[in-house]
2 protein chains.
Amino acid sequence: MAVTIKEIAERAGVSPSTVSRALAGNPRISAETRARIQRIIDELGYHPNMNARSLVVKSSGTIGVVLPRSGDSAFLNPFFPEVLRGITAALEEHGYALLLATGRDDAVKHEHVARMVQGKQVDGVILLESRADDHLIFYLREQRVPMVMIGRPLLEGIAYVDNDNVLAGKEATEYLLERGHRHIAFLGGSLAYAVTVDRRDGYMLAMDKAGIAPAMRTVLSTDFSEEDAYREVTDVLHRPDRPTAFVVADDLMALGVIGAVQSAGLTIPEDVSIVSFNNVLLSRLTNPPLTSVDIHILDLGRKAVEMLFALIEKSSSRVDHYTDTYIVHTQLIERGSVSLGPFASGNV
Amino acid sequence: MAVTIKEIAERAGVSPSTVSRALAGNPRISAETRARIQRIIDELGYHPNMNARSLVVKSSGTIGVVLPRSGDSAFLNPFFPEVLRGITAALEEHGYALLLATGRDDAVKHEHVARMVQGKQVDGVILLESRADDHLIFYLREQRVPMVMIGRPLLEGIAYVDNDNVLAGKEATEYLLERGHRHIAFLGGSLAYAVTVDRRDGYMLAMDKAGIAPAMRTVLSTDFSEEDAYREVTDVLHRPDRPTAFVVADDLMALGVIGAVQSAGLTIPEDVSIVSFNNVLLSRLTNPPLTSVDIHILDLGRKAVEMLFALIEKSSSRVDHYTDTYIVHTQLIERGSVSLGPFASGNV
DNA sequence: TATTGATGTGCAAACGTTTGCTCGTTCAGA
DNA sequence: TCTGAACGAGCAAACGTTTGCACATCAATA
């Protein structure tokens, strides 16, 4: 049997309430009593039972992170580990813990989340995906759980942190345009995700602005896997009018593109230029290294935590759900996957 | 205020105990009462308060996963996301949740773990690193917390799941020897980790068995980062007697090796062969793709969970800590990073 | 000396469950 | 008609905390 507050109290010759107050730093406890209690606590290695504590204070000191789909596919993309890094780092500073929610399908995930939310295991949640057909978010809003989403929500009234993906997509495309590329293709993941849509929109905007004919545009959308990327791109590369450059919405997919280009007997960046997104670790490690848009994943996670704490604060003072949004800036990192295109003017 | 069991009871015209029993599937509750209660529960979307529940049943339905060091560096290596995949998948099947423990240094991590263990937030823990100077494990053993380690513990009496890394290291080395390589270098991470030591020992064993002179051996040990790998290997490659092959203890490090080799103007596999470990996603994606030893990371995670549940079971029936170990087999996956060496006999 | 105001501590209720025990019905068998 | 299972449900204690309120002590003030 674990050591309880009563034992501490008994040994210290005080009541449990005094111990509790001493622990909480209540100024009404005298210095000597406090010291005596502290000594005994250290000696016995006492830690309060969090369940009992949460039960009365109505706060768990834990937040929930809801992974996309099954945690399965989620962890395949380096984005998620990275965002988790940011989240854990920030939580650490607040002394909060992290409860992970997954589920092989939406139903069991929902059950899992309901249990941790209604079961009062978490004080708030961070959602890691913005998907069109996600019912979870309705549930969470109805439950009035403090929550913030990473990525642009498809509903009104949800606090979130995101990049300006339209702008980022536009800038990435313009980078290629400036270097003399005209026939530029866009390769994204599923269009059910806001991030894919936004980056594509940015691409379109840039192409519009540059007055590129629709015939020179190609929008590919696959399943976020490199295999699919490989297949799609291989196809395109064998067309007589193949693009000279690709805007790829994800580093992992860019790996598929690299593979496809090389298999087609072409070289990067001489024959085909690539700029991709996320700037995860591996973008440095490919051959050639990828020019990629850094979206500061760590900051996305960090900021999400900050916002969530603000929300938790507000909700406990009953100001009711307020929604906020924070945009993390992006930055194109130049590496070796882009060369001058056929229309280069020589003055970039 | 959330809906409680009392409300359900009131609406159903029964006592809380009856509701509790109905939920637990207690056979003493009549079918009609059960149905009536269930209807109301569905209607109101009731979920029991887990804190209250855990408090009395003395089980949290949650297990803790202790990440190496700060979750920071941890998530950099694809190994951890992958093992987490295995763990979450297995936990899901048991209806268990996952609480993550990190800490920017050992002290705060210890605090974090103590809180979740003694705070009764978890029923058991999985440790993700086997490090020589880790005090945490003493604490956990003393607390008699059900735990299993992924990787070979440096202490007796700890349940664990691991690969036979000595054997794997030996086989990887033999694979190169069989193909006519003689001057083979080993590149591993920090020697504070059991995994590094084991794979190196395997390498040594194979070299011994093949009667390779010590002069033909090179053992490099860096910090598990690709930068370090890059540096170390660059050095070695400029020696007049450079190795013709590398056994690299981690795919990520192998990326560094690839970079170093290419920077040195050499090609893989013609000039330098590589076999690495872990077979994470990226080993397929490099150029050329890496021949890598698959250690079945998913199974390590999965099996750790199974063992932990067995331990929890035992410990609740007071059989006292028993220790078990499970070895996940390994399998060399042949890809494009190995060619025949200078001493190839032509009959492999 | 009586009153007051700090100061330090304790009592007991409350949080939302689970569960051992008790109790009232009902019904079959004697 | 009486006895005693068998069945269905409720009472109340327990889990380990926190916290509003009451209380005791003591020094200072009136």
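In the text below, chain A, chain B and the rest are named by the order of the sequence lines, each starting its count at 1. Source: prediction; values computed, not measured.
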Tell me, please, which residues at least two apart from [X] pass salt bridge (Lys or Arg N to Asp or Glu O under 4.0 Å).
X: A/E93; value: A/R302
X: A/R11; value: none
X: A/R115; value: none

Specify the residues of residues 112-119 of chain A, ordered by number, for which at least one heavy atom lies under 4.0 angstrom from an atom of DNA chain C. none
Among residues 32-55 of chain A, which ones have heavy-atom contacts with DNA chain C below 4.0 Å?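 Correct list: A/T33, A/L55.
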Output all residues satisfying side-chain contact (heavy atoms from CB on, under 4.5 Å) with B/S17, sequence neighbours left out; order by chain, then residue number. B/S15, B/R21
side-chain contact (heavy atoms from CB on, under 4.5 Å) with B/V56: which residues, sequence neighbours excluded?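 Scan of B/V56 (side-chain contact (heavy atoms from CB on, under 4.5 Å), adjacent residues dropped) gives none.
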Shortest non-hydrogen contact from B/M116 toward B/V65: CE-N, 4.2 Å
Between protein and nucleic acid, restricted to nucleotides 19-27 of chain C and to nitrogen or oxygen atoms under 3.5 Å apart, what atom pairs and distances do you find?
{"unit_1": "C/dG20", "atom_1": "O6", "unit_2": "B/R21", "atom_2": "NH2", "d": "2.8"}

Contacts of [X] that satisfy side chain to side chain donor-acceptor pair (under 3.5 Å) - sequence neighbours left out:
X: A/Q143; answer: none
X: A/Y96; answer: A/D123
X: A/E82; answer: A/R85

To the nearest Å, how far apart are B/I29 CD1 and C/dT18 P? 12 Å
In whole angstrom, what separates B/N26's CG from D/dG8's P? 11 Å
Contacts of A/H94 that satisfy ring-ring contact (aromatic ring centres under 6.0 Å, His included) - sequence neighbours left out: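 Partners of A/H94 by the ring-ring contact (aromatic ring centres under 6.0 Å, His included) criterion, ordered by chain and then number, come out as A/F309.
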With the side chain of A/I5 defined as its heavy atoms from C-beta on, choose the nearest nucleotide among C/dG10, D/dT17, C/dG8.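 Of C/dG10, D/dT17, C/dG8, D/dT17 is nearest to the side chain of A/I5.
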Closest-nucleotide 5' rank along DNA chain D - winner of A/K6 and B/G13: B/G13
